[in-house]
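In what follows, every chain begins at residue 1, and chains take the letters A, B, ... in the order their sequences are listed.
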Amino acid sequence: MTYDPSVIEAKWQNRWEQDKTFELPQDLSKLRQKPKYYVLDMFPYPSGAGLHVGHPEGYTATDVMARLKRAQGFNVMHPMGWDAFGLPAERAAVRENIHPAIITKRNIDNFRRQIKRLGFSYDWSREVSTADPDYYKWTQWIFLKLYEKGLAYLAEVPVNWCPALCTVLANEEVKDGKYVETGDPVEQRIMRQWMLKITAYAERLLQDLDGLDWPEGVIEMQRNWIGKSEGLLFTAKVKDLDLNIQTFSAHFETFHADTYVVIAPDHPLLPTLVNGISNAAEILAYSKKMVEKREGSTEQEPDGIFTGRYVEDPVNQVDIPIWVANFAIATYGTGIIKCSAHDDRDFKFAKKYGLRLQPGLVPPNEPELAARVRAQEVCYTDMINGILEHAGPFSGKRSGDCRHEIIQYCQDKGFAVPKVSYKLRDWLFSRQRYWGEPIPVVHLKDGSLQPLPESALPLELPKVDAYKPTEDGQPPLARASEDWLEVKLPNGQIGRRETNTMPQWGGSCWYYLRYLDPKNSNQFCDPELEKYWMPVDLYVGGVEHAVLHLLYARFWHKVLYDCGVVSTKEPFQKLFNQGMILAHSYQDSAGKYYYPDEVESKGSSWSVKATGEPVKTQVEKMSKSRYNVVNPDDVIAKYGADSMRLYELFMGPLDQVKPWQTNGVEGVYRFLQRTWRLAKRELSEQPGSSEPGLWRQLHKTLKQVQEHTLELRYNTAISQMMIFVNEATAAQTLPKEIMLTFLQVLAPYAPHICEELWERLGQKELISKTSWPVFDPALCTEDEVVIVIQVNGKRRDEMRVARGLAKEVVEQQALELPQVKYFLNGAAPKKIIVVPDKIVNLVV
RNA sequence: GCCGGGGUGGCGGAAUGGUAGACGCAGGCGACUUAAAAUCGCCCGAGCACUCUCGUGCGGGUUCGAGUCCCGCCCUCGGCACCA
């Protein structure tokens, strides 16, 4: 019988399911008998488009790890679920006027079917969906905890309002004035919204990054997003007004050089400031225009207007003007900045409006440049190496050396106090949508808020006649019937329900905890199970979640930690980002795309089969519009899940971006066929050591596969297995012992074929249940090594000698080689470098 | 502009400072076959005056020896971007 994946894969997937092979016990006394390993995938949003080959890349990586760890004696938590709330299902619901739950279920069923075909060893009894009331009951419960702790609050905030979607969007969902998903325009509005006080955790979110085994890039992105800067908060009186203003400066070294002040055009203090100025109305109108112009646009020319006011600067005891400037941001620092010649924006702004500058920092050892700085021709900003001038007691000092002294000085003089600022803002947590978790809060007549008691959870989504906003622009939940909207509290008070829902990020903030105890109706997770399983040992997903999901989840986790309901400060100990899978696309000169089967290659160029029109080919992100999406169903139908799994990992390093090449699948498919034929050979009953060369190769393979897999270097693990199979194919006899062990090595990667061959070779137990074989280190190295002989660093010959041969002997033997004699040409080497078992270099 | 990846054959990629190109794809030649497919074996960076020379984005450096380490650049992908 030839290798037919379609038959054996279905067979073993059924067997694993019936046998509950990958289901874990919930009984702690049982669990505690083994060490734990928690390997987690970022769960998918089940879109209508189904899976593409990018999804299973990470899932395959975690599955191989899960299977290896299981064989090594760990209890392995390896679950899968659905990030099921979200806008696309809601939009489909509006379009088709079907309940989003139905659309979501349809999509989940399809995703589950596709994922299951790959034979992953998930414990499906732990499947969760964030849109399931049994799940979102606990999302709401966590919200109540946040509310209790004062971390959830309502505020009038400027928000990004998307008219097309009739909802607000978080800052990070908006780019260049458009919703990042759809490109719909977004405008600013002031609205009353739920906010989560993530800023209260800024410092801890920053500090605790240090202990994490995460990609440096992701850590850096989170650091930047939190954006901590330490500086000074200066206070100065406004001239002619009974008003002090404060300015924040992280680059305060040049504080003597500050010559003007700017305020953000949308600063709440601005109207007070200009009150009494003759052209106050003009200033406010111009400021308003600046704010509008700023919306959604990126880099801008400096723009501003004089407020007519001055501050009495205590530092140099002069009055310096206050301007409105478009580059000042109301929500960062104090929204007011003291400006000097030593900031690019300040410098540009002053040049444009002819404001006075007083340079006070020059480069060391560059007199010409220093002269140009003093002449205000160039802006110099090096606060570390620059030398201070006109700086009172600090004149002549290197700026970077006296930062601390300056802090002390400004404090002593009463100019300023130390202050830390963060870029991180509070998290806008309400959406005017239907398909999300209802916020479990009631608005009372007197305007106060009443959170629902835990007993009232889950607060389920009400029935509505349509999944769109009301005529007067209220959220879809306002369409619910009065008996849902109106609530009578136990104490007789009447209130109305909150009609905003939570954003999609909510449910994904804690799903890794629910997997541990998914059926618990009393608690979101049993604390003892949590203690056993947490933290997640390996979390694999796309880098697109580097900031938002991972920051929000860390925030919620820390809140839960403070509530005493989780035992670790951080949820995800090790994080790994798989690289995106790209695909070739084909485009003619008019920009029209073609499907891969519509084009053919002629030598190095490509053209459309039907018309012969030349097309260019490029490697791009997979998308429907580029006609280059590869569907895993098609790959599996042709080559099987095992080949699919192998190719996903063989393509290249897991963390790298790489193009899908369908004929690359062919290669791993051939490898599996060779493996199949190998097992069909007449196998020798002799021990493995009866075929010493292959026996060694087996142990080498075992060692490398084990080590490389644990290091997530799957591609090189696979190539070692290919080397083994090539060698085994060439071997005279193939001991059954060797074949069986090899199947165990391959099983985490290609479990179906290995189960099948394992069974055919007479084994009773599932290969998925067997223990990982142990390699013999002594067999992993060769007895003989090839030593390269170089003359003057150039390879001239090689020789095969016993491993560990003494340096002197190697040297002597090398000198005897005819090739060496030829290249030495009678000369005696000046120096001889011998690296045992590696190389000899003779230097003349 | 700042931060972080990445530049190695026709392609995906491999190489604790020690034979650059493992493994695979594509290609070539051969065996088997009536033939094709499949399979198996061999070849496969470039040049050439063939015991050789050049070759890992570019220019320097350290070293007996550099894809790998150091300095200075270029290109490319991703993230952030008036954050004081």
Would you indicate what [X] reaches in the nucleic acid, counting non-hydrogen atoms under 4.0 angstrom: base, sugar-phosphate, or nothing?
X	value
A:Ala546	nothing
A:Gln661	sugar-phosphate
A:Asn726	sugar-phosphate
A:Ser229	sugar-phosphate
A:Asn715	sugar-phosphate
A:Val657	sugar-phosphate
A:Gly542	nothing
A:Ile329	base

Give none if [N] has no partner; otherwise give the nucleotide forming a Watson-Crick or G-U wobble pair with it, both distances under 3.5 Å.
N	result
B:rC52	B:rG47
B:rG1	B:rC80
B:rC32	none
B:rC25	B:rG10

Would you mind telling me which of [options] lies closest to the side-chain atoms of [X]?
X	options	result
A:Arg677	B:rG18, B:rU53, B:rU39	B:rU39
A:Asn841	B:rC23, B:rC83, B:rC64	B:rC64
A:Thr716	B:rC23, B:rA15, B:rC83	B:rA15
A:Glu798	B:rC23, B:rU19, B:rG12	B:rU19
A:Met221	B:rG79, B:rC82, B:rC83	B:rG79
A:Asn663	B:rC64, B:rC80, B:rC25	B:rC25
A:Pro653	B:rC25, B:rU39, B:rG13	B:rG13
A:Val835	B:rG18, B:rC23, B:rG13	B:rG18
A:Phe650	B:rC64, B:rU39, B:rG12	B:rG12
A:Phe823	B:rU19, B:rU51, B:rA84	B:rU51

Quick one: [X] [atom1] to [N] [atom2], roughly how many Å, whole number?
X	N	atom1	atom2	value
A:Glu220	B:rG78	CD	P	20 Å
A:Gln720	B:rA14	CD	P	15 Å
A:Gln656	B:rU76	CD	P	19 Å
A:Lys838	B:rU16	NZ	C1'	7 Å
A:Phe327	B:rA84	CZ	P	13 Å
A:Trp214	B:rG5	CH2	P	17 Å
A:Tyr714	B:rC23	OH	C1'	18 Å
A:Met722	B:rG24	CE	C1'	6 Å

Exercise. Please say which of A:Tyr714, A:Trp660, A:Tyr749, A:Phe671 ends up in a ring pair (Phe, Tyr, Trp, His ring centres under 6.0 Å) with A:Tyr647.
Key: A:Trp660
Exercise. For the pair A:Tyr3 and A:Tyr669, name the ring-plane relationship: parallel under 30°, tilted 30 to 60°, perpendicular over 60°.
Key: tilted
Quiz prompt | A:Phe349 and A:Trp323 aromatic ring geometry - parallel, tilted or perpendicular at 30°/60° bounds | solution =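 Because their plane-to-plane angle is over 60°, the rings of A:Trp323 and A:Phe349 count as perpendicular.
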Quiz item: Between A:Val840 and A:Ile723, who's closer to the 5' end of RNA chain B by nearest nucleotide?
Solution: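 In this pair, the answer is A:Val840.
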Quiz item: With nearest nucleotides of RNA chain B determined for A:Glu666 and A:Val786 from heavy-atom distances, which residue corresponds to the more 5′ nucleotide?
Solution: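 Whichever sits nearer the 5' end wins; that is A:Val786.
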What's the gap between [N] and [M] when it is taken at their [atom1] atoms, as a whole Å value?
N	M	atom1	answer
B:rC23	B:rG13	C1'	8 Å
B:rC70	B:rG79	C1'	28 Å
B:rC69	B:rU16	C1'	14 Å
B:rA14	B:rU63	P	31 Å
B:rU56	B:rG45	C1'	11 Å
B:rA26	B:rC11	P	15 Å
B:rC71	B:rG4	P	13 Å

Taking 4.0 Å as the cut-off, does a side-chain nitrogen or oxygen of [X] come that near to OP1 or OP2 on [N]?
X	N	result
A:Arg796	B:rC52	yes
A:Tyr822	B:rU51	no
A:Arg345	B:rC83	yes
A:Arg713	B:rC23	no
A:Lys658	B:rG12	no

Tell me, yes or no, whether the heavy-atom count around [X] atom [atom1], taken from other residues, nucleotides or ligands under 6.0 Å, exceeds 12.
X	atom1	result
A:Lys680	NZ	yes
A:Lys658	NZ	yes
A:Lys288	NZ	no

Exercise. Output, in order, the C-alpha distance, side-chain angles, deciding distance and verdict of side chain to side chain donor-acceptor pair (under 3.5 Å) for A:Ser340 and A:Asp346.
Key: CA-CA 6 Å; A:Ser340 75; A:Asp346 299 354; 4.7 Å; no
Quiz item: Side chains of A:Glu620 and A:Ser585: do they bring a donor and an acceptor to under 3.5 Å?
Solution: yes
Practice problem: For B:rG12, measure the glycosidic angle (O4'-C1'-N9-C4 for a purine, O4'-C1'-N1-C2 for a pyrimidine) and name it syn if it falls within 90° of 0, otherwise anti. | Solution: anti
Practice problem: Pull up the glycosidic torsion of B:rC50 and say syn or anti, syn being anything within 90° of 0. | Solution: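 Classified syn.
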Quiz item: With distance as the sole criterion, do the side chain of A:Lys821 and the base of B:rU51 form a donor-acceptor contact below 3.5 Å?
Solution: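 No such pair is found, so the answer is no.
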Exercise. May I ask you to establish whether A:Lys338 and A:Phe234 are in a cation-pi arrangement, using a distance under 6.0 Å from NZ or CZ to the six-membered ring centre and at most 45° from the ring axis?
Key: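 A:Lys338 over A:Phe234 ring: yes.
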Quiz item: Between A:Arg713 and A:Glu707, is the closest basic N to carboxylate O distance under 4.0 Å?
Solution: no
